[in-house]
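FYI, the numbering just counts along the sequence from 1.
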Amino acid sequence: MSDWLTAMENDMQASVLVTVALVEGSGPREAGAKMRVTLDGQVDTIGGGHLELRAVEIAKTMLATGDTHARLERFALGPSLGQCCGGVVHLAFEYVDASLKELLAALRERRQQDSWRLMALDGDAASALFDAAGKLIAGTPGQAPDTFSRERSTHVAQGSEGRRWLVDPCLAPRAHLTLFGAGHVGAAIVRALAHLPCNVTWVDEREDMFPAQLPDNVRIAATDTPEEFVAMAPPGGSFLVMTHSHALDQRLTQAIMARMDAGWFGLIGSHTKRKQFEHRLQARGVPDERIAAMVCPIGMPGIRNKAPAVIAASVACQLLMVWEEAAAAALAAPLRLASASAPPRRQPRAAIHPL
């Protein structure tokens with residue numbers, strides 16, 4: 001989970017939440033990136049440089065003067081900011097009052113579930129959190145719009161009454177890796193993925209191999225039947241096999257190949273090991289196209305160092321490329337509107353339209 005959100009759990013300092021609301025052209029961070037600013041400092045980043053410095057100044061001025069009004073500021077990333085990205089970034093500034101704290105607490109509890117956060121950029125303070133079905137989870141039910149774009153990244157939209165809203169998808173990580181093997185390389189890969197947007201199921205027969213402390217995005221499975229976790233993985237999930245046994249690697253490989261909805265599959269080993277596995281899989285009738293999709297050896301081309309930390313960094317890059325390609329494909333899907341549902345309200349609500 002993002003540092004800006006976890007840091008707020010037990011911290012009572014007054015703060016301002018800064019969100020990248022919209023990026024036109026090139027920017028240092030994507031729409032949806034956030035940081036939390038207090039008078040003492042900041043948590044997380046919207047990309048650094050003069051843009052972030054200026055944003056921190058604005059947020060601290062809001063805190064020092066008691067300005068609790070939300071605002072949307074436009075920044076051209078040119079000579080005036082000393083940055084050469086050439087794009088335009090719009091930043092939303094929100095004073096974290098009691099109502100927003102309650103909403104963000106609900107968001108922390110939903111970190112493994114999709115949520116949509118809506119925040120009014122004009123007029124009286126108003127914000128709401130919805131689940132994937134459009135049900136109100138927290139916030140101001142009387143003022144939230146009826147509909148919002150579900151499949152766009154963070155953006156600014158306008159209701160029929162002219163009021164602007166920040167539509168901020170807070171989505172559970174789409175990327176899932178089932179990692180078989182708790183040896184040195186497996187442990188290094190878990191460390192490398194600890195702060196990346198993914199969830200990891202880490203499987204091994206040897207319970208004593210798992211460390212006492214685990215990253216928040218990792219769950220362990222100590223089991224004598226690891227093949228069961230191939231079947232339990234989500235459709236499109238990634239697999240990485242690196243156990244202590246070639247025979248077990250073979251069984252797991254066959255189980256993964258049998259899943260036609262499996263995503264990326266990596267098998268640790270040399271070119272010789274790959275050839276051996278290819279022959280065995282062909283003998284068992286596995287289609288050639290499935291075998292060809294198996295990644296073995298693993299890691300980025302050109303990196304030959306076999307140290308566990310180097311392998312882990314290389315594989316993490318490889319997985320990020322796969323996951324980002326999948327995320328880009330999802331964002332390219334046609335837009336749909338989600339209807340928000342909430343208790344009856346006295347005043348009619350307005351639909352909201354992307355700008």
Side-chain angles (χ1 to χ4, degrees), residues 1-2 30 32 110-116 131-133 149-154 169-181 186 189-190 192-204 215-221 223 225-243 249-268 274 277 281 285-300 312 314-336 338:
M1 199 195 315
S2 299
E30 71 285 354
R110 294 180 52 81
R111 59 185 178 272
Q112 295 301 327
Q113 303 172 70
D114 289 347
S115 305
W116 280 262
D131 67 10
S149 298
R150 284 186 58 183
E151 289 156 344
R152 285 189 64 179
S153 59
T154 300
C170 302
L171 307 180
R174 293 301 194 258
H176 182 274
L177 174 68
T178 304
L179 170 61
F180 295 96
I189 287 173
V190 165
L193 299 178
H195 299 290
L196 300 183
C198 64
N199 287 314
V200 179
T201 300
W202 193 11
V203 186
D204 200 291
D216 290 339
N217 64 341
V218 176
R219 71 180 185 97
I220 62 173
T223 176
T225 55
E227 294 94 331
E228 293 181 355
F229 284 84
V230 174
M232 293 168 59
S238 302
F239 295 92
L240 190 53
V241 173
M242 47 179 58
T243 78
D249 285 356
Q250 176 75 36
R251 298 203 310 270
L252 290 168
T253 296
Q254 290 176 217
I256 293 166
M257 291 289 181
R259 278 199 63 168
M260 300 309 294
D261 63 349
W264 183 91
F265 165 43
L267 171 68
I268 197 169
R274 180 187 181 94
F277 273 53
L281 292 168
V286 177
D288 288 344
E289 62 270 18
R290 297 284 293 139
I291 298 173
M294 177 178 68
V295 178
C296 178
I298 55 174
M300 300 296 291
S314 180
V315 172
C317 290
Q318 197 170 30
L319 286 167
L320 280 174
M321 291 175 66
V322 171
W323 293 338
E324 291 207 358
E325 183 178 351
L331 285 176
L335 295 179
R336 292 187 293 118

Distance in Å, [X] [atom1] paired with [Y] [atom2], rounded so as to fall on 0.5 Å steps:
| X | Y | atom1 | atom2 | answer |
| --- | --- | --- | --- | --- |
| W116 | D131 | CH2 | CG | 8.5 Å |
| E227 | F180 | CD | CZ | 8.0 Å |
| L267 | L240 | CG | CG | 8.5 Å |
| R110 | S115 | CZ | OG | 3.5 Å |

Quick one: side-chain contact (heavy atoms from CB on, under 4.5 Å) partners of [X], sequence neighbours excluded?
| X | answer |
| --- | --- |
| V190 | L179, W202, P215, V218 |
| P173 | Q112, N199 |
| Q254 | Q250, L281, R284 |
| R274 | E278, M294, C296 |

What heavy-atom pair brings [X] and [Y] nearest, and what distance separates the two atoms?
| X | Y | value |
| --- | --- | --- |
| I291 | M257 | CA-CE, 3.9 Å |
| N217 | L193 | ND2-O, 2.9 Å |
| P197 | A175 | O-CB, 3.8 Å |
| A316 | L196 | CB-CD1, 4.4 Å |

Side chain proximity check, [X] to [Y], heavy atoms < 4.5 angstrom:
| X | Y | answer |
| --- | --- | --- |
| F239 | T253 | no |
| M242 | I298 | yes |
| R111 | D216 | no |
| D114 | P169 | no |
| V230 | T178 | no |
| W323 | L177 | yes |

#### Entry: salt bridge (charged side-chain N to carboxylate O under 4.0 Å, His left out) involving R219 - partner list, sequence neighbours excluded
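Listed in chain order: nothing, the list is empty.
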
### Task
For D261, check salt bridge (charged side-chain N to carboxylate O under 4.0 Å, His left out) against everything at least two apart and list the hits.
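Partners of D261 by the salt bridge (charged side-chain N to carboxylate O under 4.0 Å, His left out) criterion, ordered by chain and then number, come out as R259.
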
### Message
Does T201 form a side chain to side chain contact (heavy atoms under 4.5 Å, CB included) with M232? I'd like the steps, not just the answer.
### Response
CA-CA 10 Å; T201 300; M232 293 168 59; over 6 Å; no

### Task
Kindly check if the number of other-residue, nucleotide or ligand heavy atoms within 6.0 Å of CE (M300) is above 12?
yes

### Task
Give a yes or no on whether the backbone of D249 and the side-chain of R251 come within a donor-acceptor separation of less than 3.5 Å.
no

### Task
For S238 and L319, run side chain to side chain contact (heavy atoms under 4.5 Å, CB included): C-alpha distance rounded to whole Å, both residues' side-chain angles, the deciding distance at 0.1 Å, then the answer.
CA-CA 8 Å; S238 302; L319 286 167; 4.3 Å; yes

